[in-house]
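To start, the structure itself, in structure tokens.
Just so you know, residue 1 is the first one in the sequence shown, and it goes up from there. Just follow the structure's listing: the first ligand is 1, and inside any ligand the first atom is 1. If you're wondering where the values come from, they're calculated on a predicted model, not measured in any experiment.
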Amino acid sequence: MKFPVEQIWIEDDAVDLPVTRSILARVSAEKILIGSEIAEEAGRIDLQPDPLHSGKRILKLVRYRGAFVKPCPGTREYNCCGLKILNIGQGCPIDCRYCALQVYFNNPVMEVYVNLDDMLRELSSFLTREAPEKFFRFCTGEFTDSLALEPLTGYVGPLADEFSGRANATLEFKTKSDYVEPFLELKNPRNIIVSFSMNAFSFSKTEEIRAASLQRRLNAASRVASQGFKVGFHFDPIVPFEGWEHGYGETVDAIFSAVSPDSIIWISLGVLRFVPKLKDVITARFGPLRYFFDSFSPGLDGKFRLSPQRRIAIYRSLARRIRSHGPNTLIYLCMESQGIWRDSLGLEIRNNQQLEELLDGAAISHTGR
Ligand code: SF4
């Protein structure tokens, strides 16, 4: 699956990097701008009525100077799973209408961090200097889709090599694409988790613009699972549209038809929540989306959420369906409180550490430790 890239912007100090050269060899863009040529075009894009629309077709190659290893931007007020982010870039060529990233960055253009050697060096030093008894779950899919730009970047191989054989870390790639070919070439499936964001079929079709269809994602999941990789599934955001119970139930059934429960490392659930500004941006880009006008109220972290009763009912319904296929499948909730955990899943998760231990346990067994 290839996304249209109309322009490539290259920062001066990224021109000579090997990843830049290999991306340029793989893409045919109408326009390539370097260094000082970028500012004028960036100003023009910013003045467009929908800068994100153009920004999702422009790839900026950046020598990143910040930290590649970051804590997940969870919130203090809710249980957080302690995931570590490996920051490979920002922005995404897929255009989910609900995407929270639409208000996250002040730059509409996609960026890839092309100083791969610096990234690997930082990662390796992080993993070797930390206490050996500590375990780290990494994911690349927080500020971008993990695999949507993989046909251009080719990052799966070098990153997987860095994690291969380590007893203290796993790397999760989270995607709405179906580009899993690079995994099929890897020798060691341990330490690597390939995850797919899922939704109801009807909802995904209209709301996840340019994403691979759910069926294609499931086919991709089945391919990597048959090569020995563990796969994860993430239902986030779950949206209670009319007929949601049937819609999400259908997707759960389809997951278990595609992949054996033994191959599933975890399934996460998160009901739609959003910062107030997101609704305005989405309404300006796509018109009023009905599901953003439900009865939300601000949670402890200022994000809008549905009432606890409705969230619990939704989580219970999905959990019941998941457990009917995989009684032992690990289900976890994203950014929910102790009470919601207890009333939805019957689990007492009193603090972040307990949640971390729950997920670490699944990840550790995958490394073969
Ligand atoms: S795939 Fe993820 S990052 Fe990309 S637009 Fe959709 S929600 Fe946003």
Test of understanding: with salt bridge (Lys or Arg N to Asp or Glu O under 4.0 Å), list the residues that count as partners of E357, not counting sequence neighbours. none
With a 3.5 Å cut-off and sequence neighbours excluded, list the donor-acceptor pairs that the side chains of residues 236-243 form with protein atoms.
| unit_1 | atom_1 | unit_2 | atom_2 | d |
| --- | --- | --- | --- | --- |
| D236 | OD1 | R273 | NH1 | 3.2 |
| D236 | OD2 | R273 | NH2 | 2.9 |

E348 atom CD, over 12 foreign heavy atoms within 6.0 Å: yes
Positive for ring-ring contact (aromatic ring centres under 6.0 Å, His included) with F126, one of F68, F163, F136: F136
At a cut-off of 2.8 Å, list the protein N/O/S atoms near atom 4 (Fe) of ligand 1, residue plus atom name. C92 SG
Acceptor/donor pairs from residues 221-233 side chains to any protein atom, 3.5 angstrom cut, sequence neighbours excluded:
| unit_1 | atom_1 | unit_2 | atom_2 | d |
| --- | --- | --- | --- | --- |
| R223 | NH1 | E181 | OE2 | 3.2 |
| S226 | OG | S222 | O | 3.3 |
| S226 | OG | R223 | O | 2.8 |
| K230 | NZ | D262 | O | 2.6 |

So Y98 and F203, would you call those rings parallel, tilted or perpendicular, with 30° and 60° as cut-offs? parallel
